[in-house]
Amino acid sequence: METDIIVDLQYGDSGKGKVAHFLCKTKKYTHVLRYNGGCNAGHTIFHKGKKFITHHIPAGVFWGIKSIIGPGCVVDPVQFLKEIKMLEDGGIKTKGKIFVAKNTHVITASHRNEDAVDVAIGTTKRGNGPAYRDKYARIGVRAEQVKALKPYLIDLYEEFYENKKKVVILGEGAQGFGLDIDWGDYPFVTSSHCTTAGALLNGLPPQSVRHVWGVAKMYETYVGTKKFEPKNPAFEELRRVGEEYGSTTGRPRQCNWMNVDLIEQAVRVNGVTHLVFNKTDVMREVGEWAVLIGGKVRAFKGEKEMKHFLTTRLKALGIPPRQVYFSESREAI
Ligand code: IMO
Ligand code: MG
């Protein structure tokens, strides 16, 4: 078995969907596995000129690759079926391509209702937290108990280990390191593991890991209750130019400079081998280049200087410059 894993190094919304879509096109995976989160995720994917936003289903489906929701996730059957219809309506063939691991836990209507009144964290109100709570309290419902999911169920052990063919899996994550239940700024976090370790929990052995693709934006965004955006007209510009509004909830995302300390922590904890910085063009249009490091703003003369700074820092962490990519909003990597 070989696996590549995608992890978000910030607070979600860094462009994981785009990186997953690109890797699926080029790397010949047999499976794409969503490994954490529920329909709180919103992955924006441009496929053959059309825009799709997926919440549950991984990007493999756009290329006809077996796409699985793994047991590290929680699945809302209503949203899941809606999403299949949305993909079919958009011309994507899903039959025989989309699966849910039978031991994945389910988001129920009561989880959704409970999350709907959250004000403390500013959740996406998709029932994510209550579903994970019930899983760990051992009172949850698994996908195999839900009639509507029967046609999609898969036994991951059989699929990955009793299959005579070689499996090459892409792990597609949701949320990000800054929202991770353990590594994020608790309690302003999500309820799952958004790390490489979180991916491995889905039945992937550590020695199978080939590459870990870290994804970040050239600046930072966060959606939720925590105060995150200092006063600076540049951040309003980043929001406007970068269209920084939640793809799941439509809420305006708070913006800030990229926090280099957070990126470096995430690189280390996740064992990142390749790194994609997205939305370079947005910074260019706003025309200011800066990062946060050691709690202080560090400004650069221009794009070249900021890129050089980042690649030098990453080189010191063992990532060679040829494995660091600076990408524009809509282009492939
Ligand atoms: P993708 O996969 C950005 C945020 C919510 C809230 C906190 C907890 O698109 O990157 P939850 O509903 O998970 O209990 O909310 O996490 N959040 C996200 N922010 N992108 C996401 O997913 C997110 N999923 C949850 O805004 O602050
Ligand atoms: Mg998103």
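First listed ligand is number 1; within each ligand, the first listed atom is number 1. We number each residue from 1, following the sequence as shown.
- Take the N/O/S atoms of D13: the one nearest the Mg ion (ligand 2) is OD1.
- Looking at atom 25 (C) of ligand 1, its nearest protein heavy atom turns out to be Q175 CG, 3.7 Å.
- In this structure, atom 8 (C) of ligand 1 lies nearest to the protein heavy atom V189 O, 3.3 Å.
- Summary of contacts: the protein heavy atom closest to atom 13 (O) of ligand 1 is T190 OG1, 2.6 Å.
- Atom 6 (C) of ligand 1 has G122 O, 3.2 Å as its closest protein atom, hydrogens excluded (heavy atom only).
- Protein heavy atom in closest approach to atom 26 (O) of ligand 1: V223 O, 2.7 Å.
- Shortest contact from atom 20 (N) of ligand 1 to any protein heavy atom: D13 OD1, 3.0 Å.
- In terms of N/O distances under 3.5 Å, ligand 1 is approached by K16.
- Given atom 16 (O) of ligand 1, the protein heavy atom at minimum distance is L179 CD2, 3.6 Å.
- Residue W63 holds its CH2 atom at 14.5 Å from NZ of K27, rounded to the nearest 0.5 Å.
- Residue contacts with ligand 1: S191 is placed with no nitrogen or oxygen under 3.5 Å of a nitrogen or oxygen of the ligand (distance criterion only).
- Defined by atom type and a distance below 3.5 Å, a donor-acceptor pair is missing between the side-chain atoms of N128 and T123.
- Contact check on D76 versus R126 returns no salt bridge, with no Lys/Arg side-chain nitrogen under 4.0 Å from an Asp/Glu carboxylate oxygen.
- Of all non-hydrogen atoms in T195 and Y35, the two that sit nearest each other are O-CE1, 3.6 Å.
- With a 6.0 Å radius and a threshold of 12 heavy atoms from other residues, nucleotides or ligands, E285 has its CD atom at or below the threshold.
- Judged by distance alone, the side chains of T280 and K307 never bring a donor and an acceptor atom under 3.5 Å apart.
- Within the listing of ligand 1, atoms 13 (O) sit less than 4.0 angstrom from a heavy atom of N128.
- Near G224, meaning under 4.0 Å from one of its heavy atoms, ligand 1 places the atoms 27 (O).
- Among the backbone and side-chain atoms of G17, none of the N, O or S atoms lies under 2.8 Å from the Mg ion (ligand 2).
- Residue Y325 is tested with F22, F277, W213 for a ring-ring contact (aromatic ring centres under 6.0 Å, His included); the sole match is W213.
- Interface atoms of ligand 1 facing A41, defined by a heavy-atom separation under 4.0 Å, are 1 (P), 2 (O), 9 (O), 22 (O).
- In terms of polar-atom proximity, R251 is counted as a contact of ligand 1, with an N or O under 3.5 Å from an N or O of the ligand.
- On a distance-only criterion, H43 and ligand 1 share at least one N/O pair closer than 3.5 Å.
- Ion pair R239/E236 not flagged as a salt bridge, since none of the NZ, NE, NH1 or NH2 atoms sits closer than 4.0 Å to an Asp/Glu carboxylate oxygen.
- When I181, D115, T123 are ranked by how near their heavy atoms come to atom 15 (O) of ligand 1, first place goes to T123.
- Side-chain atoms of H211 and Q323 include no donor-acceptor pair closer than 3.5 Å.
- For the pairing with Y11, the ring-ring contact (aromatic ring centres under 6.0 Å, His included) check across F188, Y219, F228, F177 returns one residue only, F228.
- Atom CH2 of W183 has 12 or fewer neighbouring heavy atoms from other residues, nucleotides or ligands inside a 6.0 Å radius.
- When heavy-atom distances to ligand 1 are checked against a 4.0 Å cut-off, Y11 comes that close only through its backbone atoms N, CA, C and O.
- Pairs engaging residues 272-281 under the salt bridge (charged side-chain N to carboxylate O under 4.0 Å, His left out) rule: E244-K279 [sequence neighbours left out].
- Considering backbone and side-chain atoms together, N40 places an N or O closer than 3.5 Å to an N or O of ligand 1.
- Set against the non-hydrogen atoms of A174, the atoms of ligand 1 under 4.0 Å away are 2 (O).
- Rounding to the nearest 0.5 Å places CD1 of I169 at 6.0 Å from OG1 of T30.
- For atom 9 (O) of ligand 1, the closest heavy atom belonging to the protein is G42 N, 2.9 Å.
- Here the shortest heavy-atom distance to atom 12 (O) of ligand 1, taken over I121, D8, T124, belongs to T124.
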